[in-house]
Amino acid sequence: MRSFFKVINIILVVMIIFLTGFMVGKKYDFAFDENKDIVGLQYSDNEQKIRRLVSLIDNEYVNDVNSDSLVDDAIHYMVAKLDPHSTYIDKASVQKAEEQLKGEFVGIGIQFRTMNDTIVVERTLPGTKNYGKLEFGDQLVAADDQSLIAKDNKTIEGLLKGKKGSEVKLSVIRDRKPISVTLNRTIVPIPTVTGKHMLTKDIGYLKLTRFSENSANEVHQGLQNLLDQGMKTLVFDLRGNPGGIMHVAEEIADEFLTKNELIVYTQDKQKRKKYIYATNKGLFEQGKIYVLMDENSASSSEIVAGALQDYGRGIIVGRRSFGKGLVQREINLGDDTKVRLTVANYYTPSGRSIQKPFDKKTAKYSDDLYKRLKSGELYSKDSIKINKDLEFMAPSGKKVYGGGGIIPDEFVALDTNSVSNWLYYNQDANYFDDFLFKKIYSIHDFFMFHNETTYLKYFSAGMYRNEFLGVLGIPSNEFNPVFSTTVDNYMKATIAGTLYGSRAFYQVWMPEDEMIKRIFELEKTTK
């Protein structure tokens with residue numbers, strides 16, 4: 001009998017432990033963020049309400065519905081009400097988001113465009129096993145015997161991408177002859193340093209387009225390459241850079257700041273502060289720096305620029321930056337979906353927040369760029385609104401201001417009368433690009449197109465000028481020849497970007513760049 005009651009007691013204890021664990025499990029849970037760190041979760045009554053509602057819809061609602069889609073829509077709506085930078089990443093978007101953060105994807109590594117329903121290769125991307133196996137002008141007809149003709153980009157991507165290490169057999173038309181090319185699907189790097197060359201014998205240029213996992217290493221290598229060429233002054237181009245991984249921004253800022261200088265600090269919901277300081281590992285802690293920024297430079301770009309400005313290490317050239325001072329943490333929701341949730345504010349070393357105001361009811365910026373255009377801020381530094389209540393004294397002794405972006409030290413207007421700006425920012429730029437591509441495709445076997453050094457040194461796009469003016473809607477007899485070099489450089493740079501990538505584009509276009517021109521002016525006045 002005693003043994004019977006003993007067994008009963010054990011069963012009861014086990015049931016109590018199980019029920020306790022079940023109830024605790026309903027209220028407490030955990031998830032992982034992008035760094036595989038654990039995020040503790042505590043479920044509220046509201047969460048239980050939503051869980052019951054979904055269960056009722058699944059089991060009791062009279063019609064069949066896709067509750068996954070309903071939940072996705074509900075989460076999108078809730079997160080959008082928080083702030084402009086908290087976002088829900090559904091299953092369809094997770095892979096692309098991860099590729100952007102990692103700075104790589106699995107594929108065959110080609111850059112192409114569709115012309116007359118046919119895929120035409122522009123170039124194979126450096127750094128892959130397939131480099132050089134396809135040529136400019138090759139037409140891709142089929143992949144593993146499945147036609148690529150007249151397919152949309154999603155279908156094309158599905159046929160060309162695949163599992164790492166797998167192969168794809170391509171049917172190709174090259175110089176009007178059919179050939180077969182087998183390529184390996186491999187990791188393809190997405191470079192974030194897209195400009196890297198010397199502007200003069202002393203001035204180096206480095207352009208960073210975003211902050212991904214590989215960006216700090218790319219910047220480090222780029223700096224070393226420029227230093228090996230004799231760089232004494234750096235132009236660090238962050239225009240249009242929307243940001244990315246915060247700790248990568250900290251590593252990049254560390255290249256320019258000396259040991260124990262504060263890079264940035266954050267403050268979370270519990271008012272806890274985290275301070276990030278520079279180490280002694282920087283490659284360029286003493287040389288002169290110009291940082292190029294515009295209204296689309298945001299987040300991690302502003303962390304780097306803000307630290308350099310506060311310490312007087314960099315001269316900010318351009319226009320007021322975007323104004324994003326919020327820190328996101330990417331958390332896995334457990335079903336191949338993620339949420340990027342704002343978990344803290346960040347502050348530059350002077351203590352300023354550069355977060356611009358937003359409507360807390362809709363969690364949206366209210367046509368900020370339109371307001372800047374309307375106020376004249378993009379054309380005149382005097383039109384930039386400064387909040388005197390948010391004035392801070394930087395470690396350099398300079399007064400700086402919070403409340404909406406980083407104000408440049410040297411303002412460069414968006415000059416709508418500039419021919420180079422008109423071409424570069426024109427809404428029809430894709431149309432111009434298509435015209436030029438068709439021109440060079442018609443003579444794609446031209447020897448200069450197959451050697452970058454020869455192209456950059458000798459090719460002249462002037463032979464296309466009159467036709468290009470027609471595309472622009474400008475009669476050649478009304479064209480002012482003083483702008484011939486600018487137009488020719490635009491065409492040459494655009495073609496260079498097609499054949500050799502962004503780095504070649506910027507190398508050709510630099511003489512026409514208004515901000516680069518300003519730097520040369522500043523260099524003359526300081527010598």
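- Looking only at atom types and distance, the side chain of Thr279 has a donor-acceptor partner in the side chain of Asp254 under 3.5 Å away.
- Atom-to-atom distance recorded for Met115:CE and Ile119:CD1 is 12.5 Å, nearest 0.5 angstrom.
- The one candidate from Met293, Lys356, Gln355 that meets the side-chain contact (heavy atoms from CB on, under 4.5 Å) condition with Phe322 is Lys356.
- Residues Lys364 and Asp359 have side chains not in contact (no heavy-atom distance under 4.5 Å, counting atoms from C-beta outward).
- Between the OG atom of Ser418 and the CD atom of Glu514 there is a distance of 4.0 Å, given to the nearest 0.5 Å.
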**Message:** Please evaluate residues Leu238 and Glu302 with respect to the criterion side-chain contact (heavy atoms from CB on, under 4.5 Å), reporting the C-alpha separation (whole Å), side-chain torsions for both, the decisive distance (0.1 Å), and the verdict.
**Reply:** CA-CA 9 Å; Leu238 296 176; Glu302 294 169 304; over 6 Å; no
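- Side-chain contact of Asp310 with Thr348: a donor-acceptor pair under 3.5 Å is present, judged by distance alone.
- For Lys438, the NZ atom is loosely surrounded, since the number of other residues' heavy atoms within 6.0 Å does not exceed 12.
- Using modelled atom types, no side-chain atom of Asp367 and backbone atom of Tyr370 make a donor-acceptor pair closer than 3.5 Å.
- Between Ser86 and Leu341, some side-chain heavy-atom pair lies under the 4.5 Å cut-off.
- Nearest approach of Ser350 to Ala394, heavy atoms of both residues: CB-CA, 3.8 Å.
- Between Phe459 and Tyr455, the ring centre distance stays below 6.0 Å.
- Crowding of Gln95 atom CD: a count of heavy atoms from other residues, nucleotides or ligands under 6.0 Å not exceeding 12.
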**Request:** Using the side-chain contact (heavy atoms from CB on, under 4.5 Å) rule, take Phe105 and Lys161 through it: C-alpha gap first, then chi angles, then the decisive distance, then the call.
**Result:** CA-CA 9 Å; Phe105 65 94; Lys161 284 187 174 183; 3.7 Å; yes
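- Taking 4.0 Å as the cut-off between side-chain N and carboxylate O, Glu295 and Arg372 do not count as a salt-bridged pair.
- Using a 3.5 Å distance cut-off with no hydrogens or angles, the side chains of Lys207 and Tyr205 do not pair a donor with an acceptor.
- In this structure, the side chains of Asp83 and Leu326 come closer than 4.5 Å at one or more pairs of heavy atoms.
- Interatomic distance, Arg465 CZ to Ser476 OG, rounded to the nearest 0.5 Å: 10.5 Å.
- The residues Arg329 and Asp268 are annotated as not salt-bridged, no charged nitrogen and carboxylate oxygen being separated by less than 4.0 angstrom.
- In summary, the aromatic rings of Phe236 and Phe284 are positioned with their centroids too far apart to meet the 6.0 Å limit.
- The 12-atom threshold is exceeded at NZ of Lys133, counting heavy atoms of other residues, nucleotides or ligands nearer than 6.0 Å.
- Residues Leu262 and Pro349 share a closest heavy-atom pair of O-CG, 3.0 Å.
- Taking the side chain as every heavy atom from C-beta outward, Glu452 and Leu499 never approach each other to under 4.5 Å.
- Using a 4.0 Å cut-off between a side-chain N of Lys or Arg and a carboxylate O of Asp or Glu, Glu330 and Arg340 qualify as a salt bridge.
- Under 4.0 Å is where a charged nitrogen must lie from a carboxylate oxygen, and between Asp202 and Lys232 at least one such pair does.
- No hydrogens or angles considered: a donor-acceptor pair under 3.5 Å links the side chains of Asp294 and Ser297.
- Between the side chains of Gln221 and Asn225, not a single donor N or O lies within less than 3.5 Å of an accepting N or O.
- Ion pairing between a basic and an acidic side chain is recognised when a charged N comes within 4.0 Å of a carboxylate O; Glu467 and Lys439 show such pairing.
- Between Ser215 and Leu208, some side-chain heavy-atom pair lies under the 4.5 Å cut-off.
- Between Leu283 and Leu223 the shortest heavy-atom distance is CD1-CB, 4.0 Å.
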Could you pull out all donor-acceptor pairs under 3.5 Å where a side-chain atom in residues 423-437 meets a protein atom, sequence neighbours excluded?
residue: Asn426; atom: OD1; partner: Asp428; partner atom: N; Å: 2.8
residue: Asp433; atom: OD2; partner: Arg113; partner atom: NH2; Å: 3.3
residue: Asp434; atom: OD1; partner: Arg113; partner atom: NH1; Å: 2.9

**Message:** Run the side-chain contact (heavy atoms from CB on, under 4.5 Å) test on Ile516 and Leu292 for me, step by step, so that the C-alpha distance in whole Å, both residues' side-chain angles and the decisive distance to 0.1 Å come before the verdict.
**Reply:** CA-CA 9 Å; Ile516 298 296; Leu292 306 186; 4.0 Å; yes
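- Between the side chain of Ser375 and the main chain of Lys371, a donor-acceptor pair closer than 3.5 Å is present.
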**Message:** Between Asn217 and Glu251, does the side-chain contact (heavy atoms from CB on, under 4.5 Å) criterion hold? Intermediate values first, please.
**Reply:** CA-CA 9 Å; Asn217 187 49; Glu251 292 177 46; over 6 Å; no
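- Of the possible donor and acceptor atoms, one in the side chain of Arg320 sits under 3.5 Å from a partner among the backbone N and O of Gly404.
- Residue Tyr131 qualifies as open at atom OH: its count of foreign heavy atoms under 6.0 Å is 12 or below.
- Checked by atom type and distance alone, the side chain of Glu261 pairs as donor or acceptor with a backbone atom of Thr258 at under 3.5 Å.
- Expressed to the nearest 0.5 Å, how far CG of Leu160 lies from CD1 of Ile108 amounts to 4.5 Å.
- Here the straight-line distance linking atom NZ of Lys273 with atom CG of Asn345 works out to 11.5 Å at 0.5 Å rounding.
- Comment: Arg518 engages Glu521 in a salt bridge, judged by a side-chain N to carboxylate O separation of less than 4.0 angstrom.
- Taking 4.5 Å as the limit, every side-chain heavy atom of Tyr464 sits out of range of all side-chain heavy atoms of Lys492.
- The closest side-chain heavy-atom distance from Tyr290 to Glu523 is below 4.5 Å.
- The shortest heavy-atom contact between Gly243 and Ser299 is CA-CB, 4.0 Å.
- The closest side-chain heavy-atom distance from Glu255 to Leu234 is not below 4.5 Å.
- Just one residue in the list Leu134, Thr124, Ile156, Asp138 forms a side-chain contact (heavy atoms from CB on, under 4.5 Å) with Phe112, and that residue is Ile156.
- Between Tyr441 and His444, the ring planes lie parallel to each other; the angle is under 30°, not in the 30° to 60° tilted range.
- No donor-acceptor distance shorter than 3.5 angstrom exists from the side chain of Tyr500 to the backbone of Ile495, with no hydrogens or angles considered.
- Here the shortest heavy-atom pairing between Thr192 and Ser212 reads CG2-OG, 3.4 Å.
- Minimum interatomic distance between Ile354 and Lys324 (heavy atoms only, all atoms of both residues): CD1-O, 3.2 Å.
- The distance from the NZ atom of Lys154 to the CD atom of Glu157 is 9.0 Å, given to the nearest 0.5 Å.
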